[in-house]
Amino acid sequence: MNLKNIILGKPLKNSDISNEKLSKVWGLSVLASDAVSSVAYAGEEILLVLVPVMGLSAFHVAPLVTLPILLLLVVLIISYSQVIAAYPKGGGAYSVTKENLGKYPALVVATALITDYIMTVAVSISSATAAITSVFPQLINYKVLVALCFVLFITIGNLRGIRESAKLFGIPTYIFIFSMAILIIVGLTRVALHNIQPLTYAPNDPNVISQNFNSSVAGISIALLLHAFSSGCSALTGVEAVSNAVPSFKEPSQRNAKTVLYMLGGISIFLFGGSILLESALQVMPMKNVTVISQVASAVFNGTWFSFMYYVIQIFTALILILAANTAYNGLPVLLYILAHDNYVPRQFAHRGTKLSFSNGILFIFVVASLLIIGFGADTHRMIPLYTIGVFISFTLCQFSMMRYWLRTKAKGWKYKIWINGLGTLMTLVDTFVIVYNKFLDGAWMVIAAMPVLMAFMIYVNRHYTYVGKQLELKQFGPYHSDTSVGDSPCIVLMQSINKSLLKSLNYAKTISDNTIVLHICRHPEHAAELKKQWEELNIPIPLEVVLTPYRDIMKPFDDYIWAKEAQLKHGQFISVIIVKFVTDHWYDNLLHSQNTYFFERMLSKHKNVTATIMPFHYNQNQEQLRLHSENPSSEKT
């Protein structure tokens, strides 16, 4: 067994994909972790805004700030259940917006979701690190390294496949939910029985972030409340993840996804609302290097039979925050897969790995999130201003798109459903402006600046694939040169699809051999059948051999095929393998094409009697030349 199999496990067959689907139990643990984990930092972010200005009066206002957040959460849960019903193929806000508002609004949603998912990983992992350093302060100086280890751990877990990651990460999610429920119930019960007192702090304690202990409410203003509200809206991230991942659920996928969404909403409301009430009742002040949840757990369980629960809370708070990143690992690769099929991101994101997960998307998250953690020093409070902006932009456009959907389709119950989405549009639009206004100078400008850049990249990728597709398009099989007399050593032409690059390869093959075979390694039987049909319709006078592989790996079946052909060689014969390589105008365009040519060439070097020939295929992205070619097809040369 090689190192890859030791780390990731044995490869899975394509037919095993049904076994990789999520049940309601495991689906909740995988997709709800982001939403329920926000209890670990959303309440603290509200207090960080209110306490420095209002002092102890902040604890009377914090629950009132939380109410509109909970109301918005209810509206979003109902709205996204309608998205699941209308768009069962997944894609969430992107698919909804693309169909109802068009290309460019959909790209805005896509860029917003990508930034939000990446920030989810960076913020959650950094917050998990803060929970660990609250218990083990000696690790504070190594928090970036600890955070990077967490990211690596969750990346490997997801590369092992959907089912394995669900089992690996599911149990800690449920332990966190139950332990937080115990904390809230025990804490509020003790408060009601008056056998626990509010926390007290020394006036000059340097670890207390706010030294304002004034109980006056003179500091209350609309701007302050909106600022606190915008900080608390981080509790709403993760709601959209279920609608993005509907195809990941077992059948009936829509019903299971809706059930998970409702369960997620109920748990989030209880945990977030209950924790705010408990934090306010205990008058917990935000402190440096010690989280609010850590202080609450210490106060509630100290001196009781449940004192061990403090460590349970801290350990599983850290774990749930790590697992909150898992929501992004399940949502973003699916979104990138859809974008790749629409030709807006490199097509490598549409490929599943040997464990049937979208491994390229998973690795993309790992790299970008790690860079953010390093850049921001794994500091949650520095990254929070960059958080939630993307998801609220997607919320708003998704709700408005659903309004257009109901007006267009007039589906059953559309009159009351359009009111729900209309309310959601209004609320999320106002919230988006509030968040941008309050967080802009704190760092939100970076996200706002990054989104147009990412959108421009997607447009460039789309144009690139469009230009290449036009030049590869093959409507008639010709000109084909078949009158060359050459030797009988076998020549194998590797084919991905029937296009002009194949025609060029075959014309070259006829100059070196009259024993030419076209080989296609295929992962899907449906695609093989379609390819054979197209081959017959074009009347191509070359034998086509299709090797079906039940696994995602095409290299081993190809290698086995070559070994078998090499064993059949007569004395003095050798095999020539022709592999097409796209020659791009710019070095960075290479990133948009598969690098399998390199791996094929390297594998063939192990064979004594096999020669690899790289067939360059040049394309020109100049639109004027494309126009001239389309007007004068006879000028086309291979």
Side-chain angles (χ1 to χ4, degrees), residues 11-18 340-341 347-348 350-354 356 469 472-478 480 482 488-510 512-569 573-582 593-604 606-607 610-615 617:
L12 296 175
K13 297 180 180 179
N14 288 332
S15 57
D16 292 333
I17 187 64
S18 59
H341 271 280
R347 289 173 180 166
Q348 291 92 319
H351 300 159
R352 291 184 184 269
T354 57
L356 303 181
L472 286 172
E473 188 177 8
L474 181 64
K475 296 181 180 179
Q476 182 179 359
F477 192 73
Y480 173 68
S482 59
D488 62 351
S489 287
C491 179
I492 300 171
V493 177
L494 272 176
M495 178 187 68
Q496 183 176 8
S497 60
I498 302 174
N499 53 41
K500 289 182 179 178
S501 67
L502 172 65
L503 180 59
K504 184 176 182 178
S505 299
L506 291 179
N507 279 324
Y508 173 72
K510 294 301 293 184
I512 62 174
S513 174
D514 58 6
N515 183 16
T516 300
I517 299 170
V518 175
L519 174 66
H520 178 71
I521 310 293
C522 188
R523 300 183 177 99
H524 304 287
E526 303 83 13
H527 178 62
E530 182 181 346
L531 198 64
K532 290 177 181 178
K533 180 181 178 182
Q534 187 181 4
W535 193 267
E536 294 174 357
E537 290 175 350
L538 289 171
N539 195 27
I540 301 175
I542 301 289
L544 168 67
E545 293 191 13
V546 176
V547 175
L548 287 172
T549 171
Y551 300 97
R552 306 305 298 184
D553 183 22
I554 64 173
M555 294 298 170
K556 189 177 186 305
F558 171 69
D559 194 34
D560 292 342
Y561 179 89
I562 295 297
W563 280 116
K565 287 292 183 182
E566 192 174 11
Q568 299 172 7
L569 291 177
Q573 286 187 327
F574 60 90
I575 299 173
S576 297
V577 179
I578 300 176
I579 310 168
V580 173
K581 179 180 180 180
F582 289 108
H593 294 280
S594 172
Q595 304 303 312
N596 283 340
T597 301
Y598 167 77
F599 297 106
F600 281 127
E601 185 182 14
R602 185 178 178 184
M603 181 172 287
L604 291 173
K606 299 184 301 182
H607 297 264
V610 178
T611 301
T613 302
I614 305 300
M615 172 61 65
F617 186 87

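In this text the structure is predicted, and so the values were computed from the model without any measurement. Side-chain atoms are counted along with the backbone in the values below, which use heavy atoms only and exclude waters and symmetry mates.
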| said: Is it true that Ser501 and Asn499 share a donor-acceptor pair across their side chains at a distance under 3.5 Å? | reply: yes
| task | Could you please spell out the steps behind the side-chain contact (heavy atoms from CB on, under 4.5 Å) verdict for Ile562 and Met603? | result | CA-CA 10 Å; Ile562 295 297; Met603 181 172 287; over 6 Å; no
| Side-chain (Trp563) to main-chain (His607) donor-acceptor, under 3.5 angstrom | no
| Please walk me through it: do Trp535 and Met495 pass side-chain contact (heavy atoms from CB on, under 4.5 Å)? | CA-CA 12 Å; Trp535 193 267; Met495 178 187 68; 3.8 Å; yes
| query | Between Val493 and Met615, does a side-chain contact (heavy atoms from CB on, under 4.5 Å) hold up when you go through it step by step? | reply | CA-CA 10 Å; Val493 177; Met615 172 61 65; over 6 Å; no
| request: Write down the atom of Ser505, the atom of Val580, and the distance for their closest heavy-atom approach. | output: OG-CG2, 3.1 Å
| request: May I ask you to decide if the ring planes of Phe600 and Phe558 are parallel, tilted or perpendicular, using 30° and 60° as cut-offs? | output: perpendicular
| request: Give, for atom CG of Asp559 and atom CZ of Phe599, the distance between the pair rounded to the nearest 0.5 Å. | output: 14.5 Å
| said: Within the structure provided, determine whether Ile579 and Leu604 are in side-chain contact (heavy-atom separation under 4.5 Å). | reply: yes
| note | Here the gap from Leu548 atom CG to His520 atom NE2, rounded to the nearest 0.5 Å, amounts to 8.5 Å
| request: Specify the closest pair of heavy atoms between Ile512 and Cys491, including all atoms of both residues, with the distance to one decimal. | output: CD1-SG, 3.9 Å
| message | Within a 6.0 Å radius of atom OH on Tyr561, are there more than 12 heavy atoms belonging to other residues, nucleotides or ligands? | response | yes
| Rounded to the nearest 0.5 Å, what separation is found between the CD1 atom of Ile492 and the CG atom of Asn515? | 9.0 Å
| query | Within a reach of under 6.0 Å around CD of Glu545, are more than 12 heavy atoms found that belong to other residues, nucleotides or ligands? | reply | yes
| request: Measure across Ala528 and Cys522 and return the closest heavy-atom pair with its distance rounded to 0.1 Å. | output: N-SG, 3.6 Å
| For Lys581 and Glu601, what are the C-alpha separation, side-chain angles and deciding distance, and is it a salt bridge (charged side-chain N to carboxylate O under 4.0 Å, His left out)? | CA-CA 11 Å; Lys581 179 180 180 180; Glu601 185 182 14; over 6 Å; no
| field | Interatomic distance, His527 atom NE2 to Ser497 atom OG [nearest 0.5 angstrom] | value | 7.0 Å
| Inter-residue atom distance Leu544.CG - Ile498.CD1, 0.5 Å rounding | 7.0 Å
| note | Distance col, row Ile578:CD1 vs Lys504:NZ, nearest 0.5 angstrom, shows 11.5 Å
| Quick check: does any side chain N or O of Thr516 sit under 3.5 Å from a backbone N or O of Lys510, one acting as donor and the other as acceptor? | no
| query | Hey, mind stepping through Glu566 and Leu569 against side-chain contact (heavy atoms from CB on, under 4.5 Å) and telling me if it holds? | reply | CA-CA 5 Å; Glu566 192 174 11; Leu569 291 177; 4.0 Å; yes
